[in-house]
Structure formats: C-alpha cells, structure tokens
Novice: 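Right, I'll just put the structure down here and ask away after.
Every value quoted in this text rests on a predicted model; they were computed, and no experiment measured them. Both ligands and their constituent atoms are indexed starting at 1 by order of listing.
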Amino acid sequence: MSIVARLASDPPGSGGVPFIADLEIPKDMPNNMDAMRVWAFHWQRRLGAAALRGSDPFLMYWRLVASRRYRIGGLETNIPRPMNPEPPDLFSVFTGHAAIEESLQLESLGERLRPPVQVRRPDSGQRPAEPPPAKTRPMSSLSGPTVRSHPFGEMLHGRVPSVPELSRFIPEDQYAVFFSDINREIELADLMEEWGGNLLREIEASARDFRVREKIARQLCLETGLLTRLFGDRVIGAMAFTGGAPFLKEGTDFTVLFALKKKESFRRHIEDRYAEAAAKRGARRRDLSYGGHAVVSVESADRRVSSFAVVLGDVAAVSNNFGSLKRIVDAASGGLPPLSVATDFLYMRTIFPEGDPAEDVFIYLSDPHIRRLVGPRWKIGEARRMRCASNLMVLSNARFWFRSERRRDPSMEELAAGGYLMKTAPACPDGGAYSFDPGSGEPACSVHNRSGFLTPVGDIPLDEATTEEAALYEAFVANYNRYWSRFFDPIGIRVKLGDNIRVQTCILPLIENSWYDGLVALSGKTGGPLPEASVLPRTIASIRTRVSPEWREKTGVGRHLQERKNVSLDWLGDDVSLNLCDGKTLFTVGAGGMGIFGRGGRSAVEPLALGYLVSALNLPAYLSVSVKDPGRAERAIPDLFQAMSPEYSSPGFSIETYALESHRGKAVHALTVTLFGIKVRLYAAVAGERLVVATRRDVVSDLLDAAADADRKTVAETGNLELSLYRRAFREISPTVTLGYQEQIRQACQKNLALAEILLDTGSVPPGRLAAAAFAFRGYAPYCPSGGSYSLDPATGRAACSVHGAAARPRQPDAVDERSPTMKLVDSLEKVNARLAFTPEGLMATLEVQRGTSTRGSKPKPWWKFWK
Ligand SMILES: [Zn+2]
Ligand SMILES: [Zn+2]
C-alpha cells in the first residue's frame, strides 16, 4: 500500500497523483512525532523503491539525517548504505566533483571517514615542552610537481612560426581555443549540441544535462541568435575562447575574444544586450576602466548575468569575470606574458602551422596552464570550492526535506537547530556565510556564490593552507612526480569541421613509456602506407600496422622457421592488417566487462568500438600481409602450414593441410586444426600482392575477386598504425550491436529515475517543471537519450520514462528506433578512423569521423529541445 501525506493547507492537486489512500493530516501534525514517524516511514519506503535503479545524493541525506531524526533508521529500508566511506580525493580529480559526490557529502554531513593520508606531525615523544604544531602553513611553502618542461626554445631551431592574432591577448597560463571565423564557432557549437548531448556524453555514467553552453552564453549576454548566424561574419572575424580552468559545469572564468571587422556594430550589439539584461534580468549596468581602457559591465547578484567587455584596438574581449578581463588587458599590454611569444606555443605552431586548410579550430593547453592547474594555489583553491559546493548540495537537500515536511522555506537557523544538518551545520572552508536566496530558495555562499556559478578560484584570496590541506597536496605531488611522464606536455588539438570531421593531436615523444616504446619497436620510427587493399565491402573493422624489419629480426620469427623448418620468409612485406567481417553473432562481450580501460567504458565511444570488436570473436576474420614476391609467397603457403604442425603427434591435437580447388587460377590452401574434436579451419591464398589467411573460404574468394578487379581503387594513408570501423558495413551484426547500445541508453536513462521520483512524487513537482526543478536542486537536468520524458505512472505512482518505463518494469525500444536521436547519430556514421603516425616531432594521432548522408536534411532534434 502506498500512502502520501498531504497537509490540510495544501492547495488541492498539489500532490498531483491519485493514491490508494490519501491521508489528510491536521496542520499541527509536524508537532506530533508519532504521526510524523508513520509518515516518514512511508516516505522512506518510497525512496527505497526509487533507489532500486538509480541513485541520488538525497537518498544518502535521508539515510544519514532524516531517518535518524524520526528514529526509523534501523527499520527495513532499501536505501543503500553509503559505500566505501573513504575520504574524498580532491586533489586527483580533474573532472569536477560529480565523481566523488558521495564521499564529499558524507564529509559535509560530518560523518567520520577513514583517516586520509597520514598527516605527519613532529614527533613529540618524550619531550612535552614541544609547542603544538601550527594549524596552517603559508602557501609559499608549497610547490607543485617538479616535472620539467621540454626545451622548446632550443627545439624551435630559430624558426619563427606565425601565430593567431588573438594569441597576443591570451595569458600564456590559460587554455585557448581558436576559431578561424565565427561560423566555425557556430558549427562547432551545433555539433556539440547535436553530439555532445548524445554520443560523446558519458552515456554510461549518466544522462545528465548541465546546460553549460546556454548557461555561459546567457551569463555573458552573448546568445547566438538568428541574426548572429546570418550576419555574424560581417562583424566578427576570428574568435577565441580562453579561461583559467576547465570547470565549466561548476562555474569558472570564461572569456571570449573577437577580431572585429565592424567595431561600431559590435559595440552597439553589446550595449543593446547589456541594456536588455539590466532591464529584464535584474542586472546592474556599470562603466568601469582598467589600464586606461573603458570597460562596460552588467552583473546580477547571483552571477547568472556577469559580463565585462573591453575593446582593445580591433579586438574585443567579453569575460564573465572582471579579474580575467584584466588579465587579457595585461597580456595585450605586456604586463603578463602572452601566449603569442611563449616558446611552447610557438613550437606547437611549427607542428600545426597557422593558416593550414586542415584547421578550423585549434585547442591549446599550454605547459604553464597545465602547471598552473596542478599547482598548490589552484588545487587547494579548487578543493575548497568542491567542499563548499558539496555543502551547498547538503543545504539544498535539507531545505527540500524541510519543505516537504513543513510546506514552507526554512531559515538557516531552523535547519541547524532542528537537526536537519546533523550535529553541526556545514562550514565553508573559506569562511563564507550560507544563506538561502529569498526568491528561489537556492543556497548560496558569500564567498563561493552558488552551484553552477561558483566563484572562480583565482578570485578567492588564498595565503594559508591548513596543515591537512598541505599534507594532502604534498601527497598528490609525490604521486604526480612518481607516476607521470618526466615532462609536462602541452596539448595542441587541431579540428577540421564539415561532413567529415578530423581531430588531430601531436603527442610529444614520451620517454620511458612502455606503450610508446612498444609501438616504436613494432612499426619502426618511419611510417609508410597503410593500404586498405584487403578491406572488403563487408569488413566492419580493420586494424593495420607497419612491421619494421628490425622487429622481425629481433623477435626471430623468420629465423626460427628458416633454421628449424627450412621455410624462408624473406618475401614478406612490411604491413599487416587484421580484419573482421559482418556476420551474425551468438554472444557479445561488453567493453565494460572486459575492463580494458580500467574503469570500464566511460564514454559512449568505447563500448561502440570495443563492444563491436570483442563481440566479434565469432565473426569471420582474416589476416592480410603484404608480400614482395607473390609467386614465392604462394609457393610458401603449404610449407608454412606444414611448419605449424607439431613435431610429435599427440592425442587430441592434430593439424592437417591440403590444397583446395583454386579460385581464378589462384591456389587456395586449407589448414585444419583439431583439438579434442573441435575443428578450426583456416584458408590461405595470395590475392594480388597480399597473403591472406581467413577463417572462411568465401572471404578468401572475395579477396581474390577484389584483387582481380583492376578498376578497384584503394586508398592508403601514411602512418604506423590505423584502426578503422566501417559502420556502413554493419548489416547482420547490426541488431546485436544496436541492442547492446540501446541497453546502455536505457540503463543511463533509468539512473535518472531516483531523482525524477524524489522530485515528482515526494517533491510534488509537476512533470512539466521537472527539468527546471532538477536544475535548481542538483545543477543538471535529467534527460532520456532516447527522447523520452519522465512522469509518474498513474497506475503505480512510480516515476517512469515514457520510452523506457519504470525501474521495476523496464522497456526498451526495438533495435531500429526512429525516435532516438542518439541512434540516429550512431547510424549516420559511415566510418570512424584512428591513425597514429610517427613524425620528427613525436606521434601524430588523427581521428576521423565520416558522416553519411542518411540523416542530412533531417537533422536530429537537438537534445535541449526535449526538456524545453
Ligand atoms: Zn563557500
Ligand atoms: Zn528513457
């Protein structure tokens, strides 16, 4: 039986759901502990049901605080106990606090966690006269990792590459994203909207939408409207983004630079937008100045509007933070070293030259930027921000609970006094004071502002670290020095947009890295063609590599055969490919199950690639090796097969080889391996200039046909190692693969059910307001990647997705689901290609995505439309 309690004072219908029993409770019930216990117990049962599939920090709050308050903690509940109460490792996370949300909240609630790394204190031993250890340490006593920089000045060898004009305005310790023109920026934004919302998001981890782009555009008053799309390139030339830290979800500084073609139009546009923000969004318009330049600004108290603009010559900068805008002015005037003269940037520009037609977007993470992010000032500042953000989350949980209980907003004092915050109210590590926004009820910190709009680390003074912070930071540095490469490697990424998207990055030589050394040893330092000659139309995946003569020499494969079996291999060429064909599969192995990436398929792309490959254990496969002398290779096949036979016969294991009927005049040989009655056959032939060995005879025939087709043209990129996925060839395997993908989408969607149920059911939020309410409560909107919407099932009262159903009764669309934008995207891919090539500068990695025309014109609905 489910029961929901509703106060007599509630407006009718605010509960929203018909229940088997709808208890009306007198107004004074909150003072009647016994009645409240019954009510809370039913709450707990409902939350427990919600917790079955998904999770939300509110569940833990309930377990730790609310259930204790009503002394029902010991009663049967499905709400899981917080797992693994280790202290949060705030220094090793680079992706924001979502990953350690749980342990952070435990800490905010004052739960005793396992002690962190031993904080070394002076050994007082037998000497009681020792003064007590200091509680803080000056920041100046801490230093970052001792990792060296590459000697970029020397590596330039006097070359002076040209650099983007806007790099003169960017401080060298900030990241930078350069766009050749505003249309490329719009194109990338559209692509991120289309893909970021679906394919590239961490679908497996969550289906959460942080609305980053919309948030920042609105904060800067720079929404791209239709007019900007149509006329933007008449006013604006090149563009760049820059900032001090990548924590855009949580809130950080962000600056946009524009090379102006029409200064006055731009100025007018900014003035109009600022006036609009001042008139409609409660922001304050101000005229400021810095370094002799006029700065215009518009700000609201909650930082939802926060925009500062300056025009420096023909360049405009618009930042969400005055301090960051000042740094731009300083870089332009020489007060701070700009990126344009930084040797690491210049060196990267020799690898990715300015004006290359292969470049629409260039992303650069400089050596000083990476150094700054792992430095003590930034790490400790960020750790404090994360703690404060977690405190804000606890406050919003407490407020939510208080409101469900009392049907009104609490004051901070009521929460603390009433036991809604455990024994002690959470304290801001930077001494900020907490309050609730009178309008929205959003919790805010006087230092760190609010969730999603946190004050940038650089704006908060930090002179002293606590001894614990210092110890934790030093442990982080020790770890970093031990495990990371000996150099800080700046990262440059070149992106080409269009129907085919190409992303390239150069990995500078890694020293003492076994993976890097292994690739050098196998394929040699010089690349060569990686021909797709043996790729059949039904090939779904292919991995091609160069094989260096030194590797063959060193491993002694040829020598062994020459000496022991008298089989010469000197006709072998120097590239090998391993290929998989389309086919029906009986079983699949998920990438997560393989644990190939340690954490098991974090992004949607890994299961896409690996799931396919691994499930292909029962797909037709073939190996293809280039040969220098096809005639000799053909004659060598029987000898080679023979050489594989065991020298002594053993029971249960036998090998036999024989010649089959030839195809197109080419000999086809077979090898049958019998192991305890299980037979595996291999077929071999020389097709054109390649020796091919396949698990199926028809594959060999197809390869011989293809080789005989004189008109058949094949491409060959130059490099050392290449992996291709031919999505267009997925036919028979498609249902299996799509089903697996649909399963992941469903699981991601259903993780949102707990939050949806807490808000829709216990929080009485109408379904239409779910996204907005979740955003206010959690900082993200839950969304279904298949385009479903969340509501309470009238029959059961449980939260359910319109596509995927409820947690207890999950549903899944058929493999071919026209509604799912995610599936449409996956199906629009033709080929995904990854290539590694050694260059004089290092290792060039190129990822290419060829998009088909199937979805052109019927562009999938952008993700954000689903909850608008
Ligand atoms: Zn704070
Ligand atoms: Zn769904």
Novice: To 10 degrees, how wide is the angle SG (C749) to the Zn ion (ligand 2) to SG (C784)?
Specialist: 110°
Novice: Between K379 and F476, is NZ or CZ placed under 6.0 angstrom from the six-membered ring centre and within 45° of the ring axis?
Specialist: yes
Novice: Answer yes or no: is there a donor N or O on one side and an acceptor on the other, between the side chain of S324 and the main chain of N320, under 3.5 Å?
Specialist: no
Novice: Can you confirm whether R304 is buried at CZ, in the sense that more than 12 heavy atoms of other residues, nucleotides or ligands lie under 6.0 Å from that atom?
Specialist: yes
Novice: Rounded to the nearest 10°, what angle sits at the Zn ion (ligand 1) between ND1 of H448 and SG of C388?
Specialist: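 H448 ND1 and C388 SG form an angle of 100° at the Zn ion (ligand 1).
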Novice: Ignoring hydrogens and angles, tell me if any N or O in the side chain of S319 forms a donor-acceptor pair with the backbone of F322 under 3.5 Å.
Specialist: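 No, S319 side chain to F322 backbone: no donor-acceptor pair under 3.5 Å.
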Novice: If I consider every N, O or S atom in H804, which one ends up closest to the Zn ion (ligand 2)? I only need its name.
Specialist: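 For H804, the N, O or S atom at the smallest distance from the Zn ion (ligand 2) is ND1.
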